[in-house]
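Take a look at the structure below.
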Amino acid sequence: MDWKGTLNLPKTDFPMKANLTEREPKFLEFWEKEKIYQRILKKRANAPSYILHDGPPYANEHIHLGTALNKILKDIIVKSKSMAGYKVPFIPGWDCHGLPIELKVEQELGVKRGELPPLMIRSACKKYAEKYINIQREEFKRLGVFAKWDTPYLTMDFSYEAVIAREFLRFLETDQVYRRKKPVFWCPNCVTALAEAEVEYELHKSPSIYVKFLLTEETQKFLNNFLNIKIFEPISILIWTTTPWTLPANLAIAFNPDLDYLLIKWDEEYLIVAEGRISALCAELNKDLPKIISRFKPKELENKKVYHPFYEKESLIILADFVTLETGTGIVHIAPGHGEEDYQIGLKYNLEIYVPVDQEGNFYPHIPLVGGLNIYKANEIILEALKKREKLFYYDTIEHSYPHCWRCKNPIIFRAEYQWFISMSAKNLREKALKNIENVKFIPSWGKNRLSSMLEKRPDWCISRQRVWGVPLTVFKCSNCGEYLKEYKYYEKVIKTIEKEGCDPWFEKPSNELLPQNTTCPKCGNPNFEKEKDILDVWFDSGVSFAGVLEKIPELRFPADLYLEGSDQHRGWFHSSLLCSVGTRGVAPYKEILTHGFVVDAQGRKMSKSLGNVIHPQDLIEEYGAEIIRLWVSAEDYKNDIKISKEILTRLVEAYRKIRNTCRFLIGNLYDFNPKKDLISFEKLPEFERYILYRLSKLIDKVKKSYEKFEFHIVYHEIHRFCVIELSSLIIDINRDYLYCEKPKSFKRRATQTVFYYALDSLVKLMAPILSFTAEDIWQNLPYEKEEISVFLTDFPSYSFELTEKEIQKWEKYLELRTEFLKPLEIARKDKKIIGSSLEAEMFVKADSNLIPYLSNNSFWEYFLMIAKFELKDFLPKPNKNKEVYYISEEIKGLEINVKATSFKKCERCWQRRPEVGTLEIPDLCQRCYEVIKFL
RNA sequence: GGGCCUAUAGCUCAGUUUUAGGUUAGAGCGCACGCCUGAUAAGCGUGAGGUCGGAGGUUCGAAUCCUCCUAGGCCCA
């Protein structure tokens with residue numbers, strides 16, 4: 001007789017194989033069609049809101065794993081906060097302006113900067129950004145991310161552009177903006193400023209010259225005194241440079257305050273150089289060691305003077321940390337208009353940002369000696385002049401890495417141009433920003449230190465760019481007296497225009513059409529004005545998103561609860577947002593900042609084309625499904641670098657299957673269970689079932705707390721572990737007999753189903769923020785009536801199944817004992833080969849008195865160990881070594897175990913070995929099954 | 001070169017700070033071996049894996065505190 005038909009075997013259509021790649025789109029469709037995210041928001045309409053403000057990704061390429069990771073983390077938060085009872089309106093955004101797109105567009109059109117009218121470039125840029133916004137939006141959606149995809153914020157929206165301009169004007173009218181020269185990369189051939197991204201480094205042959213700067217009489221007098229020497233012959237300070245043409249712009253020479261310098265006599269000349277360069281110089285200049293007169297620290301020389309090598313003027317001696325012993329003489333010639341470091345140190349010493357070179361690389365006509373000459377021609381003239389005046393100590397040429405223009409491939413120069421700045425000090429922006437982040441919570445906590453140390457050191461913010469794809473610096477300048485209009489009243493019309501038509505009118509309309517009628521200069525009364533040509537740094541665009549989004553959209557709120565980005569954004573968006581917000585609102589735009597690391601390969605190295613270790617999310621979706629990417633995001637601790645590799649993914653797929661299959665088993669065994677009628681109250685449940693439910697409520701607590709703390713890897717680990725241990729290994733394995741073999745409506749079976757019901761209900765909700773597709777899949781396959789049409793409309797479970805401390809301890813002891821009992825069973829199976837299934841085993845146990853209370857219920861242990869017979873004995877007879885196992889526990893003192901094969905016959909229905917099998921009316925069956933069969 | 005951060009079994013993570021540094025360092029997976037064949041491209045069990053990146057130091061005692069080094073990441077120069 002085949003008894004299988006009399007069993008209550010699991011039934012479900014929920015497939016074991018996830019087939020994620022194929023099935024995921026169906027759930028996406030379901031969410032979209034049923035407007036699930038909108039429904040969630042509607043359901044939480046009156047709930048307290050949680051504002052996670054999306055940092056806008058740049059719309060110029062497909063998403064990569066980093067962008068995917070970031071958005072999935074945000075999605076996990078949106079979903080978990082929502083299921084924890086908050087209203088979470090999530091407005092995605094895109095950063096649209098800026099150089100990378102403008103460059104890409106120029107490249108695609110095959111034009112150089114300035115070759116096309118700004119409006120044409122701008123329109124092409126807009127199209128380009130739109131294209132990638134649409135691509136990225138679909139890619140984000142494909143990952144299962146919930147958001148208001150139909151109403152994102154774009155920094156190129158007219159309304160947003162108007163906000164950018166308005167916020168800039170707030171800085172302007174509060175006197176936090178100023179204009180000053182600053183060196184930038186400059187291509188004299190293309191007659192344009194270059195961004196760092198437009199610079200290529202290539203080998204270039206330059207002059208290498210050592211130039212003497214003669215001490216002034218006063219300085220020499222001081223030095224004689226200072227070093228206690230008497231030298232009346234000329235003393236010179238030796239510097240090294242590869243750009244003789246910057247010497248006309250020289251305003252200072254810099255020593256490193258920490259280095260030692262020497263006064264030496266070399267070829268009858270008195271010179272000053274760094275001690276650490278002497279031997280290198282001897283080799284380089286092919287000279288013998290000099291005679292050393294004196295050694296000194298340069299601090300005392302600060303603010304003393306030397307003579308310019310060929311102009312009738314003086315140059316200042318200053319101190320600068322960036323001077324090194326790597327090359328040259330340890331003393332650096334400073335031209336603040338022609339180098340970044342020169343500029344910075346120039347600001348410190350209040351030097352002029354002096355630029356004698358025009359935009360095409362020619363000296364202005366009035367400059368002595370080199371006026372009107374191109375810088376390369378000037379190099380020759382300057383060399384001649386130096387020789388003539390005996391200021392050239394040594395001349396050579398070197399080949400070194402030098403910046404070139406990526407378009408015309410010519411060498412470029414550093415040249416100061418007027419730029420706009422937001423002052424860190426005018427209105428105490430730095431101090432205010434530092435003060436405000438004290439109230440911000442950082443995860444991880446070191447983020448605060450990182451952000452504040454950047455704020456402490458950063459220079460004034462250069463916000464102007466000489467480009468067209470962006471929001472203009474809306475400033476009018478009086479054409480007569482040069483006065484800038486600062487009051488907002490002059491700009492209301494411009495802002496309104498931008499709101500309606502975008503920024504194009506600024507580029508095409510004359511200023512009198514943008515200004516209010518009859519505007520005249522408040523200073524000189526002149527009616528004509530010039531528009532500023534530069535545009536704003538894109539970091540300003542996204543930096544004011546609190547104004548363009550949080551303040552603008554009614555369901556949002558300023559400040560936000562959370563900003564969540566990669567750790568690079570300490571210098572980026574966290575930073576610019578803070579400055580913009582503090583500078584105009586006086587407070588930080590966020591209450592909490594969460595940062596994640598970067599995606600790296602198995603060895604912890606960054607992903608790069610050259611290393612060939614780049615993994616694309618698109619490929620992973622195709623091979624594994626988006627769900628596995630989501631699981632990966634959750635499983636890794638994002639506070640550090642986040643590794644990804646084939647092995648990691650394989651492990652995750654396996655873990656995924658375990659979770660899925662466990663749920664499948666629960667579903668399959670609840671096909672005839674109606675929670676409304678069949679649920680058994682916790683108090684009435686048997687002990688083991690109560691213990692599992694207690695463990696379940698511990699899991700729920702832990703998982704909910706971990707979501708709150710944004711520790712998603714804990715969520716993943718806990719859920720997975722619960723499926724493996726409490727469910728699969730314990731209650732499913734042990735109670736399977738009840739499910740299959742007892743009467744369908746029996747207490748034992750319903751009790752087990754009750755546990756299954758709670759476990760499944762909890763798991764599906766707890767996993768939903770991470771395993772969104774699978775949770776929805778499970779939800780749709782629940783065999784009983786559902787409270788909502790989507791799992792995302794439900795709340796996290798809040799069951800609390802408590803046991804007394806005594807009960808908990810007892811069960812921990814039971815499990816400890818169980819582990820010990822399984823060991824001799826395994827020996828019986830593997831070594832002695834006397835049993836296969838544990839059901840074939842009989843176990844006899846001798847134990848110390850302290851263990852007796854746990855072991856006195858024989859039938860419980862038969863059930864709990866799934867064996868044929870368990871007996872507690874006072875004494876164990878000598879075992880037959882071939883046919884029995886005798887085992888003394890090492891872990892639990894005083895526990896001796898004897899295992900042998902049972903002689904009981906197997907019940908053909910439930911496969912248990914029972915003494916009564918063969919003695920009943922139906923000899924195939926055990927007593928229990930006999931009764932069940934009779935009942936059926 | 002500077003600032004910040006990271007380094008625990010093959011993999012992913014606990015344990016380290018603020019409940020004071022304390023006996024043989026934990027979990028799950030994977031692996032090996034065995035079992036089951038009524039979750040079956042499933043399930044159960046047992047076992048082997050770590051000088052806690054390296055070297056010093058503090059201490060009776062350190063994965064945990066200090067110093068240095070190595071490798072890697074982010075941001076600057």
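Predicted model only: the values in this text are computed from it and were never measured. Naming convention: chains lettered A, B, ... in sequence-line order (proteins, then strands); numbering from 1 in each chain.
Nearest heavy-atom pair, Y716(A) versus L652(A), reported as atom, atom and distance to 0.1 Å: OH-CD2, 3.9 Å.
A salt bridge does not link E708(A) with K705(A): none of the charged nitrogens is closer than 4.0 Å to a carboxylate oxygen. A salt bridge links R651(A) with E654(A): at least one charged nitrogen is closer than 4.0 Å to a carboxylate oxygen.
Across every strand in view, U70(B) sits in a pair with A7(B) that passes the Watson-Crick or G-U test at under 3.5 angstrom. Using Watson-Crick or G-U wobble geometry with both donor-acceptor distances under 3.5 Å, G61(B) finds no partner in any strand shown. Both distances falling under 3.5 Å, in either a Watson-Crick or a G-U wobble arrangement, occur for no nucleotide opposite A48(B). Within the shown strands, nothing qualifies as a pairing partner of G38(B) under the Watson-Crick or G-U definition with both distances less than 3.5 Å.
Sequence order on RNA chain B of the closest nucleotides to A635(A) and M866(A) puts A635(A) first from the 5' end.
At a threshold of 4.0 angstrom between heavy atoms, the contacts of E341(A) are confined to the sugar-phosphate backbone, with no base atom among them. Among the atoms of the strands shown, none is found under 4.0 Å from any heavy atom of A655(A). Using a 4.0 Å heavy-atom cutoff across all strands shown, G604(A) reaches sugar-phosphate atoms only and no base atom.
Listed candidates were C74(B), C76(B), G30(B). Nearest to the side chain of E654(A) is G30(B).
The structure places CE of M866(A) at 8.0 Å from OG of S837(A), a figure rounded to the nearest 0.5 Å.
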Base-contact (B) and sugar-phosphate-only (S) positions in nucleotides 2-10 of chain B, heavy-atom cut-off under 4.0 Å, - elsewhere: -BSSS---B
Base contacts versus sugar-phosphate-only contacts with protein, heavy atoms under 4.0 Å: please encode nucleotides 34-41 of chain B as B, S and - from 5' to 3'. SSSSBBS-
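Glycosidic conformation of G49(B): syn, with the torsion inside 90° of 0. Within 90° of 0 lies the glycosidic angle of A20(B), which makes this nucleotide syn.
OP1 or OP2 of C75(B) has not a single side-chain nitrogen or oxygen of H575(A) nearer than 4.0 Å.
Nucleotide A77(B) holds its C1' atom 15 Å from the CZ atom of R458(A), rounded to whole Å. Rounded to an integer number of Å, the gap from CD1 of I719(A) to P of C29(B) is 16 Å. Look at CD1 on I642(A): it is 11 Å from C1' on C74(B), rounded to the nearest Å. What separates CG of D637(A) from C1' of G73(B) is a distance of 14 Å, to the nearest Å. Between E636(A) atom CD and C13(B) atom C1' the separation is 9 Å, expressed in whole Å. When rounded to the nearest whole Å, the span between CD1 of I897(A) and C1' of U46(B) equals 14 Å. Taking atom NE2 of residue H717(A) and atom P of nucleotide G26(B), one finds them 18 Å apart after rounding to whole Å. The interatomic distance linking N256(A) (CG) with A77(B) (C1') rounds to 15 Å, in whole Å.
Checked against the 6.0 Å centroid criterion, the rings of F421(A) and W461(A) do not qualify as a close aromatic pair. Between F673(A) and Y784(A), the distance from one ring center to the other does not fall under 6.0 angstrom. W861(A) has its ring centre less than 6.0 Å from the ring centre of F821(A).
Distance check on atom C1': A7(B) versus G15(B) gives 16 Å, rounded to whole Å. When the P atom is compared between C5(B) and C65(B), the two are found 13 Å apart, to the nearest whole Å. When the C1' atom is used for both U6(B) and G53(B), the distance is 11 Å, rounded to whole Å. For the P atom pair drawn from G57(B) and U19(B), the interatomic distance equals 30 Å after rounding to whole Å. C33(B) and C74(B) are spaced 46 Å apart, taking the C1' atom of each and rounding to whole Å. If you take atom C1' in A25(B) and the same atom in A14(B), they sit 11 Å apart, rounded to whole Å. Here, A27(B) and A20(B) have their C1' atoms 26 Å apart, quoted to the whole Å. Distance check on atom C1': A63(B) versus C13(B) gives 15 Å, rounded to whole Å.
Looking at Q753(A), its side chain does come within 3.5 Å of a backbone N or O of N669(A) through a donor-acceptor pair. No donor-acceptor pair under 3.5 Å is formed between the side chain of Y624(A) and the backbone N or O of T650(A). Formation of a donor-acceptor pair under 3.5 Å by the N256(A) side chain with backbone atoms of V323(A) is found in this model.
Sorted by first and then second residue, the pairs that involve residues 658-670 of chain A and meet salt bridge (Lys or Arg N to Asp or Glu O under 4.0 Å), not counting sequence neighbours, are R660(A)-D777(A).
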